[in-house]
Protein chains: 2
Amino acid sequence: MSLPHPETDQITLPNVLAALGDDTRLAIIGCLARCDASGGLVCGQFSGLTSKTNLTYHVAKLREAGVINVRPEGTKRRVTLRRDDLDQRFPGFLDSVIATAIDLPAVETTMRELASATEPGSA
Amino acid sequence: MSLPHPETDQITLPNVLAALGDDTRLAIIGCLARCDASGGLVCGQFSGLTSKTNLTYHVAKLREAGVINVRPEGTKRRVTLRRDDLDQRFPGFLDSVIATAIDLPAVETTMRELASATEPGSA
DNA sequence: TATCTAGTTCAATGGATATTGAACTAGTGC
DNA sequence: GCACTAGTTCAATATCCATTGAACTAGATA
């Protein structure tokens with residue numbers, strides 16, 4: 001872990017709520033919720049949501065609040081949800097947020113783009 | 001209901017999260033969670049949290065997001081949590097937030113003030 | 001009617017937050 | 001070494017948000 005992440009017990013509800021109270025960041029969480037089982041996503045895969053610079057900003061916000069984990073992987077950054085940590089800290093919270101966030105319009109759109117980008121013949 | 005409140009199905013997760021992502025408002029929710037069974041609270045009872053003007057502002061934010069109900073009662077405004085509506089819309093969400101919000105320092109302090117203000121002999 | 005209480009409205013302010021573009025850095029592969 | 005990719009940093013801006021104080025309104029009470 002080369003980037004600073006808060007310890008589990010440093011994660012606070014006000015910070016997490018503030019981090020999630022933004023459309024772009026909520027969409028990022030929605031996308032992650034949909035494909036976290038497959039090992040998360042890298043920043044570039046959220047490019048449909050906003051600019052590259054702005055993504056760096058929002059991903060950092062989520063990381064600093066303790067909502068996601070960001071792991072360098074070559075020139076990329078692999079982003080995953082801190083499910084276990086959040087469940088431990090605020091039981092039931094993440095699941096209830098995800099249940100709604102997973103169906104947000106911005107998430108639907110991004111996932112569609114992501115799917116078509118990995119279709120055979122598009123590479 | 002003389003003040004505008006969103007219908008249950010108009011309540012959105014981004015709005016609710018943004019409304020709760022503020023220390024003052026989270027403290028209001030914590031206080032309400034503690035004594036909602038006893039019929040809610042009136043604005044003035046949150047006076048330990050911030051100024052009167054600022055309370056009007058934050059209470060309006062929570063109301064507009066659909067988190068609380070505000071009912072005129074003489075010159076006062078009775079504030080209650082929209083538990084049923086939120087449970088219907090985002091199952092489990094409110095409970096998980098309350099579990100943590102109820103123990104916030106600002107809530108503890110406010111509840112102590114509230115308790116001492118209703119002690120026999122203080123009226 | 002006069003006064004008090006509880007809360008609102010409004011305009012102004014300060015501070016935080018989101019967004020942008022240009023320049024930059026760290027890996028990867030030729 | 002060179003070019004490419006992925007993401008960062010920085011400074012600037014634009015916007016939104018929380019906070020304040022003064023003046024105000026509605027209802028209760030004497």
Side-chain angles (χ1 to χ4, degrees), chain A residues 1-5 14-29 31 39-65 67-80 106 113-114 117-118 122-123, chain B residues 1-5 14-29 31 39-65 67-80 106 113-114 117-118 122-123:
Chain A
M1 248 195 251
S2 77
L3 290 159
H5 291 74
N15 285 350
V16 170
L17 287 169
L20 297 179
D22 173 276
D23 289 343
T24 305
R25 294 195 289 262
L26 203 50
I28 291 175
I29 299 307
C31 292
L41 291 165
V42 296
C43 294
Q45 295 180 289
F46 303 118
S47 61
L49 294 173
T50 180
S51 68
K52 205 157 67 149
T53 314
N54 203 215
L55 262 180
T56 298
Y57 169 76
H58 285 300
V59 167
K61 279 262 161 185
L62 288 168
R63 173 177 51 79
E64 286 160 12
V67 182
I68 60 174
N69 189 285
V70 185
R71 188 176 69 249
E73 201 177 270
T75 71
K76 308 184 181 176
R77 309 280 150 136
R78 182 147 303 267
V79 180
T80 49
E113 286 171 8
L114 257 175
T118 52
S122 70
Chain B
M1 244 193 255
S2 77
L3 290 159
H5 290 75
N15 286 349
V16 171
L17 286 169
L20 297 180
D22 173 275
D23 289 343
T24 304
R25 295 195 288 263
L26 203 50
I28 291 175
I29 298 308
C31 292
L41 292 165
V42 296
C43 293
Q45 295 180 290
F46 302 118
S47 62
L49 294 172
T50 179
S51 69
K52 206 158 66 151
T53 313
N54 203 214
L55 263 179
T56 298
Y57 169 76
H58 285 301
V59 167
K61 280 261 161 186
L62 288 168
R63 173 178 50 78
E64 286 159 12
V67 181
I68 60 174
N69 189 286
V70 185
R71 187 176 70 251
E73 200 177 271
T75 69
K76 307 184 181 176
R77 309 280 149 135
R78 182 147 304 266
V79 181
T80 50
E113 286 170 7
L114 258 176
T118 52
S122 70

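Just so you know, these numbers use all the heavy atoms, side chains as well, and skip hydrogens, waters and symmetry mates. Throughout, protein chains are lettered first and strands after them, A, B, ... in sequence-line order, and every chain is numbered starting at 1. None of these values were measured; they are calculated from a predicted model.
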- prompt: B:N15: what forms a side-chain hydrogen bond (donor to acceptor under 3.5 Å, both in side chains) with it, not counting sequence neighbours?
  reply: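 Scan of B:N15 (side-chain hydrogen bond (donor to acceptor under 3.5 Å, both in side chains), adjacent residues dropped) gives B:T12.
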
field: Counterpart residues, side-chain hydrogen bond (donor to acceptor under 3.5 Å, both in side chains), relative to A:T50 (two or more places apart)
entry: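 A:T50: side-chain hydrogen bond (donor to acceptor under 3.5 Å, both in side chains) contacts with A:N54.
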
- prompt: Between A:S51 and C:dT19, is there a side-chain N or O to OP1/OP2 distance below 4.0 Å?
  reply: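 No, outside the criterion.
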
message: Between A:H58 and C:dT19, is there a contact of a side-chain N or O with OP1 or OP2 at under 4.0 Å?
response: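 So the side-chain polar atoms of A:H58 do come within 4.0 Å of the phosphate oxygens OP1 or OP2 of C:dT19, strictly under.
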
Got [X] and [Y] here, is their nearest side-chain heavy-atom distance under 4.5 Å?
X	Y	value
A:R63	A:P4	yes
B:V42	B:R78	yes
B:L20	B:L62	yes

Taking [atom1] from [X] and [atom2] from [N], how many angstroms apart are they, rounded to a whole number?
X	N	atom1	atom2	result
A:E73	C:dA26	CD	C1'	15 Å
B:D22	C:dT17	CG	P	11 Å
B:D23	D:dT19	CG	C1'	14 Å
B:L26	D:dA18	CG	P	13 Å
B:N15	D:dC17	CG	C1'	15 Å

message: Using a 4.0 Å heavy-atom cut-off to protein, can you give one letter per nucleotide of nucleotides 4-9 of chain D, 5' to 3': B if the base is in contact, S if only the sugar-phosphate is, - if neither?
response: -BBBBB

query: Is a donor on one side and an acceptor on the other found under 3.5 Å between the side chain of A:R25 and the backbone of A:A19?
result: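 At least one qualifying donor-acceptor pair exists.
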
